[in-house]
Amino acid sequence: MSDFLAAQDSAGHEHAQPRSDQNRSLWGDVRYELMRNPVFWVSSVLVLVILSMAFAPQLWAETSPTARGACRLENARVEPSAAHPFGYTNAGCDMWSSLVYGTGKSVIVAILVTIGTVIVGVTLGTVAGYVGGFADTVISRVTDIFFGLPFILGALVFLAIFPDRNVWTLTAVLTMFGWTSLTRVMRGSVISTKQKDYVDAARALGATNFFIIRKHILANSIAPVIVLATIGLGAYISAEATLTFLGVGYQRPTVSWGLLVAEGQNLALAGFWHLLVLPCAFIVVTVLSFILLGDALRDALDPRAR
Amino acid sequence: MGRYVARRLVQFIPVILGTLFLLHVLSVLTIQIVGDPVRALFGENAPPEAILEQLRANYNLDDDCLEQTGNPCVRLFVDRLAQYASGDFGINFRGRSVAELFVERFPVTVRLTVIALVFETVVGIFLGVMAGLRKDKLVDNFVRFSTVLLIAFPVFVFGTLAQLFIGLELGLPLRDSERAPEWLGQMLTVTYNPEFPWLSLMLPGLVLGAFSLAAIARLTRTSLIENLRSDYVRTARAKGLTSSRTVGVHTLRNSLIPVVTYIGIDIGLLLGGALVTEGIFNIPGVGQLVFLAIQANDTPVILGVVTILTVVFLVANLLVDILYAALDPRIRYE
Amino acid sequence: MSEILTETERRSNKSPLSGVSFDGSAPLLEVEDLEVEFHTRDGIAHAVNNVSFTLREGETLGILGESGCGKSVTAQAIMGILDTPPAKVTGGQVRYRGVDLLQLEEKTRRHIRANKIAIIFQDALSSLNPVFTVGWQLGELYRKHAGASRAQAKSKAVELLDLVGIPGAPARINSFPHQFSGGMRQRVMIAMALALEPDIIIADEPTTALDVTVQAQVMTLLSDLQREMRLGLILITHDMGVVADVADKICVMYAGHAVERADVYEIYERPAHPYTKALLESIPRVDQKGQDLTVIKGLPPALVDPPPGCSFHPRCAFARDRCTTDEPPLYEVPGNRLSACHYWEEVLES
Amino acid sequence: MRIKTHFRVTAVAAAFALGLTACGGGGGTTDDPGGNPSGEPTGEPGGSYSADLTEPTFLAPASNCYESECSAVLKMVNDPLVSTDFETGELIFDGMAESIEPNDDQTVWTVTLKEGLMFHNGEPVDSDAFLRAWNYSQNPKNAQATAGFMARIEGAGKGPEMSGLKAVDDQTFEVTLSGPFSQFGQQMSYAPAFAPIAQECIDDIKACNESPIGTGPYQMDGKWMHDQGITVTKWADYQGELPANADTIEFKMFTAPTAAYRDYQNGGVDVLNVAPEIYLEAKGELADAILEEPTASLTYLGFPTKEAPYDNEQLRQAISLSIDRELIIEKVLNGLADASTDIVTPPIPGSRDDACEFCTYDPQRAKDLLEESGVDPSSFTLELYFNADSGHELWTEAAARQIQENLGIDYELKSTEWAQYLELLDGEEFTGPFRLGWSLDYPSPENYLRPIVGTGGDSNYTGYSNPEFDDLVVQGDEAATLEESFELYAQAGDIALEEMPIIPMWSGTTAIAASDSVGDVRYDVGDGEIAFGEITVSQ
């Protein structure tokens with residue numbers, strides 16, 4: 001999915017450059033646009049629900065499936081019933097609490113990876129785009145090197161190094177292969193912003209490079225990055241599932257959506273559909289929420305759409 | 001254009017060296033941290049040490065630096081480069097030449113990739129254009145929602161469902177039927193069939209291309225909407241051109257520029273990332289080869305094949321960039 | 001110019017319009033009570049309100065006003081290239097040779113564009129398609145409207161570039177827009193407008209983006225060609241200096257209204273609307289060296305929510321209470337002029 | 001001796017996890033009436049069918065074959081030297097050997113070959129063919145996977161030729177061992193390790209690997225189509241005794257067991273190993289058409305017996321008693337296993353069904369024993385080790401939960417990659433119970449007891465050492481009759497089952513599905529494979 005982001009490059013940075021004269025009111029406008037967009041409201045409520053599940057699962061489910069005595073093997077694969085609408089997992093744990101407690105592992109990684117790729121991408125992209133010359137050449141070639149390694153293959157090779165795969169190792173690896181696209185986006189965005197009149201004007205007035213970057217370049221280039229990052233966030237969630245399916249993601253007794261899906265995949269066809277459908281539904285709703293939020297942000301950030 | 005290509009070719013060298021080194025360090029680290037891959041070939045019970053040592057020597061795994069965690073083993077890297085330069089990509093743990101393995105499997109992956117690319121490009125652009133032209137209408141919302149589904153569903157779930165419901169439920173009766181044409185039944189295949197090297201890759205190709213299709217459709221849509229608002233499209237209308245020409249010639253070509261960028265990146269994604277699809281549909285392709293090699297820490301294969309893949313990826317990207325330059329003259333004269 | 005199109009081509013080119021009966025004696029273009037609305041998220045914006053004017057052969061009409069006053073929208077409404085939605089023509093007529101273009105089917109109307117009425121946009125760089133050569137974009141007109149072959153279209157493109165004074169035309173037709181200088185690009189735009197020998201050219205701020213020296217060259221070219229071909233020219237600009245030299249008549253627009261219409265000399269001598277007067281005073285003048293420029297205070301109103309009464313009253317030096325309630329009609333001012341000001345006499349006097 | 005292990009083929013295929021596809025050695029009895037045929041036996045030879053297979057590692061030389069994929073193919077292509085009867089443990093001379101005779105102290109073995117045997121290419125199968133193969137195999141330079149099988153022969157692993165291997169004449173050769181070993185005959189029934197090799201093959205091993213030259217009832221039909229298939233056809237000149245009913249067998253390669261099952265559903269495969277991940281689905285669809293057969297593979301938990309608190313015998317017994325094997329087998333393994341009653345698995349001659357006192361589920365007794373042991377359950381965390389991505393996580397977790405619930409010991413699951421797991425094993429670095437599997441090389445209780453719990457056993461990672469136990473095993477080795485040796489092995493087993501350096505969990509069960517067009521499908525526990533040669537095709 002990182003590649004998906006990269007390709008948004010040209011589409012993204014063209015439209016999201018605010019006109020210079022609107023700079024000061026940009027964020028005000030964005031807020032105003034968002035407030036009146038129902039899609040924004042629906043998706044942000046969903047995102048808030050998901051985030052609260054991720055960070056405070058105890059609000060949504062009483063006991064963690066990893067707690068002592070929480071799972072009973074006797075209940076393995078019991079299907080949903082009126083008394084127990086979500087049924088039980090393959091390990092005999094309550095499906096609802098597994099889903100709730102699994103949110104953290106799946107969503108937090110996605111958030112951390114997004115933050116990581118944004119920090120790396122924005123920094124390197126800004127340096128490459130603004131400084132140009134040798135720095136640009138080096139950064140661009142290094143980006144190429146990481147691009148040369150297809151995402152899943154790269155993640156596979158890399159994850160094999162970590163015997164103990166947790167939030168941090170997964171984050172590190174996904175970030176490692178995700179930063180490149182955002183760097184490219186940011187670089188392109190910065191290059192086109194750099195040529196704007198107001199940057200020349202600021203330079204003529206004797207502003208320091210640091211000031212120009214902070215005040216003008218970042219403010220005007222970061223919009224596409226924010227939009228793409230929210231879409232990426234969604235995509236990283238399904239990446240976790242795929243890596244787990246390939247055997248290099250989380251391992252039991254960790255609970256994550258990816259593990260549930262990977263496990264439920266074969267059992268669903270044996271008649272235990274809830275083992276696949278429920279975690280997939282959680283992933284789909286989450287990804288949908290983040291992408292819709294990204295869409296709403298993109299629309300709000302697009303001055304010409306107004 | 002010639003100079004542009006030449007410059008790009010020169011830039012390949014550091015990139016390939018860099019990718020190679022990155023891979024080299026990763027696999028060296030894997031051996032250092034995870035353990036001796038040769039020993040792992042034998043399972044619970046260790047064979048005589050003499051045999052392990054012979055095998056390590058056979059696979060160039062007997063260097064001391066592989067015992068020192070964190071040592072990048074530069075000497076091994078240099079040796080390997082020299083070996084590659086002479087066209088020798090080593091042998092795998094089963095004594096087979098890596099180059100030979102690659103040649104065996106590469107055509108399959110190429111066919112699969114081509115099918116996926118054609119499918120995702122044609123259908124993706126079509127959907128994107130439909131959605132873009134009817135922004136916020138029913139078609140648009142349908143495309144936007146269904147593409148989110150394609151992005152959200154892990155590919156292995158999607159692949160299994162396709163295999164079961166399209167390949168078996170739909171395809172099997174067709175294959176058994178006397179009246180249905182053979183090509184149709186083979187197209188809706190369950191597993192790869194070497195007797196139908198193209199047809200039986202159709203369904204896997206569609207599964208493989210599904211995610212990118214979503215990406216391309218969304219890209220085309222965004223890009224088309226952008227361009228429809230541009231000044232030159234207004235000019236085209238002021239020139240009294242038909243609306244189909246305004247969209248088809250004056251808007252689409254400009255809108256395809258980011259799509260082409262994406263396709264360039266996607267070739268690499270498809271080539272290497274096909275392993276999930278290849279596993280589901282039992283396709284003996286390159287992705288699976290590397291996946292199995294990673295499982296067995298079969299370093300010669302990982303390095304050799306991924307190196308060749310990287311070269312293919314870079315060349316493909318060069319071709320895409322040339323296409324890109326053809327589409328957008330502003331790039332050509334940078 | 002007539003050698004560019006052969007007689008057969010001219011016929012074939014006119015054929016889609018053969019079902020339309022143009023009245024050769026009617027004025028070239030009559031715009032009457034034109035109204036355009038924009039549906040925005042903030043509400044309906046009245047971009048053009050009851051705008052009327054007439055253009056005759058060989059005449060140049062200047063439409064003057066600050067940005068956002070509805071000049072370009074008027075031009076695009078005449079061309080029929082408004083983005084619909086959000087824009088919509090809600091009233092009035094646009095008569096070309098007596099035929100109301102707004103009543104024509106889109107299929108027919110399409111042929112009016114470029115064949116009868118052509119437009120030159122302000123920003124030539126963004127208005128020319130970046131991915132096609134200049135020659136291709138010019139030739140496209142001949143290929144699509146006159147059925148010319150690629151070779152014919154190409155040779156005509158060369159002739160056109162020659163006509164607008166681009167040196168080395170045979171080589172330049174293979175260049176892309178971004179390879180031209182600003183002035184040359186604008187010449188290309190002019191060439192494109194002239195290609196099918198239209199009767200009317202609308203030039204929407206044709207020189208705004210150019211250097212002053214280049215501005216003069218382009219304007220000279222444009223007015224020379226206009227005279228030579230007896231074109232009707234509508235020159236849209238915010239620059240009073242530009243219109244003064246070339247226009248015969250002026251229409252001043254403010255907040256979507258035509259607030260004053262008059263011959264060019266009269267308007268420059270004695271403006272009959274406070275807005276026109278303010279515009280004139282904001283031109284730097286050699287004889288007033290050392291004095292501060294007069295600036296019009298405030299900003300033009302939002303079209304979604306214009307002030308009641310005369311929309312100029314918040315910025316008007318002549319404004320009284322009446323101006324805040326009564327919308328002024330177009331008063332007839334002696335000298336065949338019109339002014340939308342209750343106190344036009346007072347303005348004339350001042 | 002070593003166990004053949006599968007290459008972990010894919011993580012998708014966590015297949016071999018449960019020890020289903022056994023890695024068998026030993027010889028299969030071909031006339032075993034106890035088989036459980038599925039489908040309608042036609043008894044008629046002829047026809048062709050297809051079976052699923054994972055890509056083998058090597059086909060030639062046979063001595064490089066140490067997993068069930070290649071042995072499945074080689075069993076068709078090669079005749080064994082000798083086989084072992086699983087009922088009695090006696091040798092059966094259905095292969096190339098006319099007779100195999102040890103001397104009195106079981107150190108010198110004389111092998112006499114049958115007359116007139118030849119390879120597919122017409123070369124004679126004589127003493128030289130065996131000497132060639134065995135000397136090649138034991139030479140460390142050639143790094144053959146089964147070289148360890150030669151280790152007991154005098155002079156093995158030291159140079160190009162072993163001093164203990166001599167040809168007497170064309171049909172007879174003599175093997176001198178470095179010590180007495182009564183089970184050497186049974187050991188030789190692991191066919192690939194002791195197969196002869198044709199001169200043509202050893203001259204161009206690479207070519208031979210693509211199209212092995214064998215001695216068996218089938219020969220290669222064309223080359224090995226890597227990752228796609230191997231086809232074997234009946235050899236017209238076959239003189240041996242092994243059954244070969246179908247004319248052609250097509251082995252189709254799959255890397256994911258799910259894909260193999262889909263192809264079975266699609267009619268592309270006739271005989272299928274039903275892997276655990278698709279077992280439930282297949283069971284739902286095929287129900288009784290699935291053939292379920294016990295295998296000889298053992299799954300167990302080992303203890304680091306030198307580490308506190310696992311040096312406490314009663315704690316080990318308590319842990320064993322607190323695990324509900326039956327429930328785990330039912331819920332996690334879907335019934336595809338049998339709870340252990342002995343270290344030696346049921347199909348092996350000499351195994352017992354009541355030997356393990358502490359292998360039952362008895363939470364109360366477990367608590368009592370824990371109390372007696374004096375180990376404070378809250379004083380430590382039970383670290384349970386398993387190798388990742390091989391399907392062990394679910395049952396180890398279930399077992400850990402039961403221990404937690406019944407004994408109040410908190411647990412932590414520790415998993416590592418296989419290579420790293422082996423390094424930890426070799427270094428005996430585990431700090432808690434670890435899961436391991438074992439399957440036979442040859443059908444003898446000795447092949448379970450000595451390697452797993454014997455002092456310095458090849459697969460003894462527990463640090464356990466009991467001279468009394470070792471002594472009984474050696475006595476068993478030297479016993480004159482099989483009954484005597486089984487009795488002595490059983491006594492040794494009792495010691496291990498009392499002191500519990502390992503807790504046996506279960507022995508595996510394999511599941512096989514066969515289409516309507518094939519019959520006489522039987523699982524050969526000795527080979528750890530389906531008896532492909534016996535399968536008949538309805539025409």
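Numbered from 1 within each chain, the chains take letters A, B, ... in sequence-line order.
Shortest non-hydrogen contact noted between B:Phe145 and A:Leu288 is CE1-CD2, 3.5 Å. When every heavy atom of A:Val261 is checked against every heavy atom of B:Pro154, the shortest pair comes out as CG1-CG, 4.4 Å. Nearest heavy atom pair, residue A:Cys280 against residue B:Phe153, reads SG-CE2, 3.9 Å. Taking both residues in full, the closest heavy atoms of B:Phe291 and A:Leu156 are given as CD1-CD1, 3.4 Å, listed atom of the first, atom of the second, then distance. Among all heavy-atom pairs drawn from B:Val15 and A:Arg141, the shortest one is CG2-CD, 3.7 Å.
Neither the backbone nor the side chain of B:Leu314 comes within less than 4.5 Å of any heavy atom of chain A. Residue contact with chain A, scored on non-hydrogen atoms closer than 4.5 Å, is absent for B:Phe12. For a residue to count as touching a neighbouring chain, one of its non-hydrogen atoms must lie under 4.5 Å from one of that chain's; by this rule B:Leu23 touches chain A with the side chain only. Of the atoms belonging to A:Leu269, it is side-chain heavy atoms, and not backbone ones, that fall under 4.5 Å from chain B. For B:Ile16, no part lies under 4.5 angstrom from a heavy atom of chain A. Neither the backbone nor the side chain of A:Ile237 has a heavy atom closer than 4.5 Å to any heavy atom of chain B.
The OG1 atom of A:Thr137 lies 7.5 Å from the CD atom of B:Gln11; values are rounded to the nearest 0.5 Å. Distance CD1/A:Ile291 to CG/B:Leu149: 9.5 Å, rounded to 0.5 Å.
Residues A:Leu246 and B:Phe156 fail the side-chain proximity criterion, which asks for heavy atoms closer than 4.5 Å.
The greatest number of non-hydrogen atom pairs below 4.5 Å with chain A, out of B:Leu29, B:Thr160, B:Val290, is found for B:Thr160. With respect to chain B, the highest number of heavy-atom pairs below 4.5 Å among A:Ala262, A:Ser238, A:Ser140, A:Gly264 belongs to A:Ser238.
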Q: Kindly indicate, with the supporting measurements, whether the criterion side chain to side chain contact (heavy atoms under 4.5 Å, CB included) is fulfilled by A:Ile145 and B:Phe21.
A: CA-CA 10 Å; A:Ile145 290 170; B:Phe21 189 68; over 6 Å; no
